[in-house]
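Letters go in sequence order (proteins before strands), and every chain restarts at 1. Predicted, not measured: the structure shown is a model, and the values here were computed from it. Hydrogens, waters and symmetry mates play no part in the numbers below; they use all other heavy atoms, side chains included.
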There are 2 protein chains.
Amino acid sequence: MGRWEPNAQARLRQAALDLYSSRGFEATTVAEIAERAGLTERTFFRHFADKREVLFAGSERLQELLVETTAASFDAAGPAGAVAAAFEHAASTYFPEVAFSRQRQDIIDANPPLQERELAKLHRVGEALAQVLRERGVADLSAAVAAESGIAAFKVAFAGWVTDPRDGALINHMRESFRAQRVLLAEPTPAPQI
Amino acid sequence: MGRWEPNAQARLRQAALDLYSSRGFEATTVAEIAERAGLTERTFFRHFADKREVLFAGSERLQELLVETTAASFDAAGPAGAVAAAFEHAASTYFPEVAFSRQRQDIIDANPPLQERELAKLHRVGEALAQVLRERGVADLSAAVAAESGIAAFKVAFAGWVTDPRDGALINHMRESFRAQRVLLAEPTPAPQI
DNA sequence: GCGACGATGTCAGCGACTGTCATAACCGTA
DNA sequence: TACGGTTATGACAGTCGCTGACATCGTCGC
């Protein structure tokens, strides 16, 4: 396929991860990444849209997975239930080892530009899930709220998992997070006026 | 204050908004903005951290407001209730006219980099609200979930408002969104296994 | 008036990202 | 085996966002 060695993209990703971890994201130039991978800067930008995207390539898979499982469990679980079920299913099948996720998250947490990209990816996932719900007859408002609320619970669960892996597998954090959400919002306190 | 004319920052912001609206965000260079404001590119970056920040300067005010009102209504409303109350209060006091918000949102919606920045700002608001709750004895998990869920409802409400202003004031969208969230998550459907 | 201080201008430079064209490897086909 | 088409890469130039360093202008207190 490539000109010389195979797996150009994988080599670029590995080189980027190494440098981001050691020198830091900002202090790493794309030229350095390319050089370490035995390629040129221009080639880097043919494989990744920008310097941040290296860390997020493959996230479409997660979105597809969530869309599929949400659609699959919608009839039985309803909007919010289907979204929760999808995230819990993904928690036990999609995510790599804690150690890897942790290393990746450390890089992201240390760099605002990367956090922005991560949030944007999650937001797109939310839009995709809302779309699934809408296609199944859920009203616009409810669909959006169910999807965004699912994202909210996921964010918290994932953050808790990488922060404190000794609490157990991601699936446990996920269940806890969704449960806490139900408990908190089930309280019959209509927001009072100020 | 300034060297020549006053209100340098306001002039820069206005110039940026005009150009972003007419030519588009990408097609506008910082040099053009500065020139239109009668200043230099370097001065632009003394007033705004980057090209995107022009659209988000002042968002600290919203965060402060939300933090204050969440703290104020916590005792009476509890975690989720206080967050909801804060957003509903902000909805009726903070946000400018629909027309202005709409124009601004059009710019943001048309440019992924700006969406990223907006999501990042909202995320920081969520962190601040979670911090408020934690300081009042709410457990980490519950605090984070309550705050993030509030952000979720707010996002939906705001999007609905700027999309369909004929549905009424932002406060109405906000109440509807939080109500929908309570209804959706109150359904006694524990997420079933897949 | 004079000196401290804050805001602006000027200049040089790095690095992310893009467009364009040339070139080297791969693939099927004759 | 030679050939032509396709695809990935290299090479080069250029734009633009953004920063550091230093000079300069205006304002304010004395």
- Note on the structure: By side chain to side chain contact (heavy atoms under 4.5 Å, CB included), A/Thr163 pairs with (sequence neighbours left out) none
- Message: Generate the contact string for nucleotides 11-19 of chain C. Rules: B means base contact, S means sugar-phosphate contact only, - means no protein heavy atom under 4.0 Å.
- Response: -----SBBB
- Message: Strictly distance-based, threshold 3.5 Å: is any side-chain N or O of B/Lys51 a donor or acceptor partner for the main-chain N or O of B/Thr28?
- Response: yes
- Task: Could you pull out all residues at least two apart from B/Glu32 that satisfy salt bridge (Lys or Arg N to Asp or Glu O under 4.0 Å)?
- Result: B/Arg23
- Query: What pairs meet the ring pair (Phe, Tyr, Trp, His ring centres under 6.0 Å) rule with one or both residues in residues 105-137 of chain B, with sequence neighbours excluded?
  - Reply: none
- Can you tell me the distance, in whole Å, between the CG atom of B/Asn7 and the P atom of C/dT8? 11 Å
- Message: Expected output is a numbered-order residue list: members of residues 109-123 of chain A with a heavy atom under 4.0 Å from any atom of DNA chain D. What is it?
- Response: none
- Item | Test: A/Glu176 and A/Arg179 ion pair at under 4.0 Å | yes
- Query: By side chain to side chain contact (heavy atoms under 4.5 Å, CB included), which residues pair with A/Glu116, not counting sequence neighbours?
  - Reply: A/Arg52, B/Arg52, B/Glu116, B/Arg117, B/Ala120
- Message: Any side-chain N or O of B/His47 below 4.0 angstrom from OP1/OP2 of C/dA7?
- Response: no
- Item | Bending between helix ends of the helix from C/dG1-D/dC30 to C/dA30-D/dT1 [5 pairs per end, 10° resolution] | 10°
- Query: OP1 or OP2 of D/dT9 sitting under 4.0 Å from any side-chain N/O of A/Thr40?
  - Reply: no
- Task: Take atom CZ of B/Arg23 and atom C1' of D/dC16, then tell me their distance rounded to the nearest Å.
- Result: 14 Å
- Under the side chain to side chain donor-acceptor pair (under 3.5 Å) test, residues paired with A/Arg61 that sit two or more places apart: A/Glu64
- Query: In chain order, what residues pass the side chain to side chain contact (heavy atoms under 4.5 Å, CB included) check against A/Val98, with sequence neighbours excluded?
  - Reply: A/Trp161, A/Pro165
- Query: Who pairs with B/Asp18 by side chain to side chain contact (heavy atoms under 4.5 Å, CB included), at least two apart in sequence or on another chain?
  - Reply: B/Gln14, B/Arg36
- Note on the structure: For residues 52-87 of chain A, the ring pair (Phe, Tyr, Trp, His ring centres under 6.0 Å) pairs (sequence neighbours left out) are A/Phe87-A/Phe154
- Task: Please state how far atom CD in B/Glu53 lies from atom P in D/dG17, giving the value in whole angstrom units.
- Result: 16 Å
- ring pair (Phe, Tyr, Trp, His ring centres under 6.0 Å) partners for A/Phe45, two or more places apart: none
- Give the rounded distance in Å between these two atoms: CD of A/Glu35 and C1' of D/dG10. 15 Å
